[in-house]
Amino acid sequence: MTLHLDSQAILEDAIRDLVRQDVRLAPILDATGMPALRRREPGFAGIAHIVCGQQLSTASAAAIWGRLQAAFDPFEADAIRRARADRLGRLGLSAAKIKTLKHIARELSAGRLNLDVLANEDADAAHATLTDLPGIGPWTADVYLLFCLGHGDAWPAGDLAVQEAVKVGLGLSARPTTKQMMPLAEVWRPLRGAAAHLWWSYYRVIKNREGVIASAN
């Protein structure tokens with residue numbers, strides 16, 4: 001059964017299980033303390049919010065998202081599906097992001113996509129479902145699964161901050177690639193999402209800065 005990181009207490013229990021599962025994580029936890037749970041809005045609004053922020057500064061993404069929320073209240077998939085592309089463009093969305101959001105809205109409306117069920121699917125299968133959508137790359141899929149759905153086993157293998165933290169924490173000679181990150185994390189199944197929270201916290205400690213999220217797409 002898939003663990004859902006729905007509360008700080010659940011995350012902390014998962015972290016303690018991870019340390020028992022892999023003693024190499026004990027000094028990592030000692031250095032970081034318990035990570036804080038990070039959650040964002042689920043559903044269509046959650047994935048739309050992430051798409052809006054792709055490849056933009058935090059300030060620019062927040063401004064666009066604010067305009068979208070003001071223009072569409074409540075912010076729902078059908079409203080975006082019916083909206084004219086030129087109207088969405090005037091709110092700040094690029095043509096590529098409009099295409100992505102409209103496609104997701106159509107898939108939801110037709111019943112071909114159900115974002116909520118992804119929370120209970122195998123993490124790798126849920127990741128594949130999301131990345132099959134146009135404009136949804138690994139970064140967006142991982143952020144959605146981890147922070148919008150609280151998927152306990154989602155693993156952001158391509159995240160640069162997690163890669164760097166794993167390199168330092170496990171004493172590797174080089175930062176692992178996305179491909180190398182998958183077998184490295186096998187020992188943390190089915191709690192790889194909790195492990196990601198721990199590694200992000202460790203990145204913050206070793207680099208003295210925030211690491212979520214440091215990949216691009």
Peer 1: I'd like to know if the side chain of Tyr144 and the backbone of Gly43 have a donor-acceptor N/O pair within less than 3.5 Å.
Peer 2: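 Checked: pair present.
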Peer 1: Give, for atom CG of Leu3 and atom CG of Asp17, the distance between the pair rounded to the nearest 0.5 Å.
Peer 2: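 Rounded to the nearest 0.5 Å, the CG-CG separation comes out at 8.5 Å.
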Peer 1: Considering residues at least two apart in sequence or located in another chain, which fulfil the side chain to side chain contact (heavy atoms under 4.5 Å, CB included) criterion with Lys99?
Peer 2: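 Per chain and number, Lys99 pairs via side chain to side chain contact (heavy atoms under 4.5 Å, CB included) with no residue.
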Peer 1: Between Thr131 (side chain) and Ala128 (backbone), is there a donor-acceptor pair under 3.5 Å?
Peer 2: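 Indeed, once roles are kept as given, a pair shorter than 3.5 Å links the two residues.
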Peer 1: Taking atom CD of Gln163 and atom NZ of Lys167, what is their separation to the nearest 0.5 Å?
Peer 2: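 One finds 11.0 Å between CD of Gln163 and NZ of Lys167.
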Peer 1: Does any pair with a residue in residues 89-132 pass ring pair (Phe, Tyr, Trp, His ring centres under 6.0 Å), and if so which ones, sequence neighbours excluded?
Peer 2: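 Residue pairs with at least one partner in residues 89-132: there are none.
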Peer 1: Can you check whether Leu25 reaches Leu198 side chain to side chain, under 4.5 Å on heavy atoms?
Peer 2: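 Of all side-chain heavy-atom pairs linking Leu198 with Leu25, at least one is under 4.5 Å.
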Peer 1: Restricting to salt bridge (charged side-chain N to carboxylate O under 4.0 Å, His left out), what partner residues turn up for Asp86, sequence neighbours left out?
Peer 2: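 Only Arg84, Arg90 meet the salt bridge (charged side-chain N to carboxylate O under 4.0 Å, His left out) criterion with Asp86.
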Peer 1: Which pair of non-hydrogen atoms, one from Leu11 and one from Leu5, has the smallest distance, and what is that distance?
Peer 2: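 Here Leu11 and Leu5 meet closest at CA-CD2, 4.1 Å.
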Peer 1: Could you check Glu12 against Ile15 for side chain to side chain contact (heavy atoms under 4.5 Å, CB included), going step by step and ending with a plain yes or no?
Peer 2: CA-CA 5 Å; Glu12 292 183 8; Ile15 295 292; 5.6 Å; no
Peer 1: Just to verify, what does Phe75 make a ring-ring contact (aromatic ring centres under 6.0 Å, His included) with, not counting sequence neighbours?
Peer 2: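 Applying ring-ring contact (aromatic ring centres under 6.0 Å, His included) to Phe75 gives Phe44, Trp65.
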Peer 1: Kindly give the heavy-atom pair with the smallest separation between Ala77 and Ala105, and that separation in Å.
Peer 2: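 Looking at all heavy atoms of both residues, the shortest contact is O-CB, 3.3 Å.
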Peer 1: Tabulate below the donor-acceptor pairs under 3.5 Å that side-chain atoms of residues 148-157 make, not counting sequence neighbours, or state none.
Peer 2:
{"unit_1": "His151", "atom_1": "ND1", "unit_2": "Asp153", "atom_2": "N", "d": "3.1"}
{"unit_1": "His151", "atom_1": "NE2", "unit_2": "Glu121", "atom_2": "O", "d": "2.7"}
{"unit_1": "Asp153", "atom_1": "OD1", "unit_2": "Leu191", "atom_2": "N", "d": "3.4"}
{"unit_1": "Asp153", "atom_1": "OD1", "unit_2": "Arg192", "atom_2": "N", "d": "3.1"}
{"unit_1": "Asp153", "atom_1": "OD1", "unit_2": "Arg192", "atom_2": "NE", "d": "3.1"}
{"unit_1": "Asp153", "atom_1": "OD2", "unit_2": "Arg189", "atom_2": "NH1", "d": "3.4"}
{"unit_1": "Asp153", "atom_1": "OD2", "unit_2": "Arg192", "atom_2": "NH2", "d": "3.3"}
{"unit_1": "Trp155", "atom_1": "NE1", "unit_2": "Met181", "atom_2": "O", "d": "3.2"}

Peer 1: Working to the nearest 0.5 angstrom, can you tell me the gap between Leu101 CG and Leu88 CG?
Peer 2: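 Here the rounded value is 7.5 Å.
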Peer 1: State, yes or no, whether a side-chain contact exists between Leu91 and Phe72 at a heavy-atom distance under 4.5 Å.
Peer 2: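 Heavy-atom side-chain distance check passes, below 4.5 Å.
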Peer 1: Do Asp13 and Ile10 have side-chain heavy atoms sitting under 4.5 Å apart?
Peer 2: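 The answer is no, as the side chains (C-beta and beyond) never meet within the 4.5 Å cut-off.
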Peer 1: Would the distance check show the side chain of Arg39 and the main-chain N or O of Ser7 forming a donor-acceptor pair, the cut-off being under 3.5 Å?
Peer 2: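 Judged by distance alone, no pair lies under 3.5 Å.
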Peer 1: Are Tyr202 and Val168 packed together at the side-chain level, in the sense that at least one heavy-atom pair is separated by less than 4.5 angstrom?
Peer 2: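 They are in side-chain contact.
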Peer 1: Assess the pair Phe147 and His197: is the distance between their ring centroids shorter than 6.0 Å?
Peer 2: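 Phe147 vs His197: aromatic centres under 6.0 Å.
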Peer 1: Not counting sequence neighbours, which residues clear salt bridge (charged side-chain N to carboxylate O under 4.0 Å, His left out) with Arg175? List them please.
Peer 2: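 With neighbours one apart ignored, the set is empty.
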Peer 1: Determine, step by step, whether Trp188 and Leu18 satisfy the side chain to side chain contact (heavy atoms under 4.5 Å, CB included) criterion, reporting the C-alpha distance in whole Å, the side-chain angles of both residues, the deciding distance to 0.1 Å, and the verdict.
Peer 2: CA-CA 7 Å; Trp188 305 321; Leu18 278 169; 3.8 Å; yes
Peer 1: Please assess Arg24 against Val187 for the test side chain to side chain contact (heavy atoms under 4.5 Å, CB included), listing each intermediate value before the final yes or no.
Peer 2: CA-CA 11 Å; Arg24 296 175 301 172; Val187 69; 3.8 Å; yes
Peer 1: With rounding to the nearest 0.5 Å, note down the distance linking CG in Leu130 to CD1 in Ile47.
Peer 2: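 The CG atom of Leu130 sits 5.0 Å away from the CD1 atom of Ile47.
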Peer 1: Name each donor-acceptor pair under 3.5 Å that joins a side chain in residues 107-119 to protein atoms two or more places apart or in another chain, with its distance.
Peer 2:
{"unit_1": "Glu107", "atom_1": "OE1", "unit_2": "Arg112", "atom_2": "NE", "d": "3.3"}
{"unit_1": "Glu107", "atom_1": "OE2", "unit_2": "Arg112", "atom_2": "NE", "d": "3.0"}
{"unit_1": "Glu107", "atom_1": "OE2", "unit_2": "Arg112", "atom_2": "NH2", "d": "2.9"}
{"unit_1": "Asn114", "atom_1": "OD1", "unit_2": "Asp116", "atom_2": "N", "d": "3.0"}
{"unit_1": "Asn114", "atom_1": "OD1", "unit_2": "Val117", "atom_2": "N", "d": "3.3"}

Peer 1: I'd like a table of donor-acceptor pairs (distance under 3.5 Å, sequence neighbours excluded) in which one partner is a side-chain atom from residues 27-37, with atom names and distances.
Peer 2:
{"unit_1": "Thr32", "atom_1": "OG1", "unit_2": "Ile28", "atom_2": "O", "d": "3.2"}
{"unit_1": "Thr32", "atom_1": "OG1", "unit_2": "Leu29", "atom_2": "O", "d": "3.4"}

Peer 1: Work out which heavy atom in Leu146 is nearest to a heavy atom in Ala196; give both atom names and the distance.
Peer 2: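 Heavy atoms of Leu146 and Ala196 come nearest at CD1-CB, 4.3 Å.
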Peer 1: Go through it in stages, so that I can follow the logic: the residues are Leu170 and Trp199, the test is side chain to side chain contact (heavy atoms under 4.5 Å, CB included), and I'd like the CA-CA distance, side-chain angles, deciding distance and then a yes or no.
Peer 2: CA-CA 11 Å; Leu170 298 186; Trp199 286 118; 4.1 Å; yes
Peer 1: For residues 68-82, pull every pair meeting salt bridge (charged side-chain N to carboxylate O under 4.0 Å, His left out), keeping only residues two or more places apart or in separate chains.
Peer 2: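 Output for this query lists Asp78-Arg81.
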Peer 1: Please enumerate all residues that pass side chain to side chain contact (heavy atoms under 4.5 Å, CB included) together with Ser173, with sequence neighbours excluded.
Peer 2: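 Residues passing side chain to side chain contact (heavy atoms under 4.5 Å, CB included) with Ser173: none at all.
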Peer 1: If you measure from CG on Asp124 to OG1 on Thr129, what distance do you get to the nearest 0.5 Å?
Peer 2: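 The CG atom of Asp124 sits 11.0 Å away from the OG1 atom of Thr129.
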Peer 1: Within the structure provided, determine whether Ile104 and Ile136 are in side-chain contact (heavy-atom separation under 4.5 Å).
Peer 2: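 They are in contact (side-chain heavy atoms under 4.5 Å apart), so the answer is yes.
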Peer 1: Of all residues at least two apart in sequence or in a different chain, which pass the side chain to side chain contact (heavy atoms under 4.5 Å, CB included) check with Ala63?
Peer 2: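 In terms of side chain to side chain contact (heavy atoms under 4.5 Å, CB included), with neighbours along the sequence ignored, Ala63 is linked to Arg67.
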Peer 1: Show the nearest heavy-atom pair for residues Pro176 and Gln180, with the distance to one decimal.
Peer 2: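 In terms of heavy atoms, the two residues are closest at CA-OE1, 3.3 Å.
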Peer 1: Does Trp139 form a side-chain hydrogen bond (donor to acceptor under 3.5 Å, both in side chains) with Asp159? I'd like the steps, not just the answer.
Peer 2: CA-CA 7 Å; Trp139 179 83; Asp159 184 86; 4.8 Å; no
Peer 1: Can you list the residues that meet the side chain to side chain contact (heavy atoms under 4.5 Å, CB included) rule with Lys97, with sequence neighbours excluded?
Peer 2: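 For Lys97 the side chain to side chain contact (heavy atoms under 4.5 Å, CB included) partners, ignoring immediate neighbours, are Val51, Gln54, Leu56, Leu93, Ser94.
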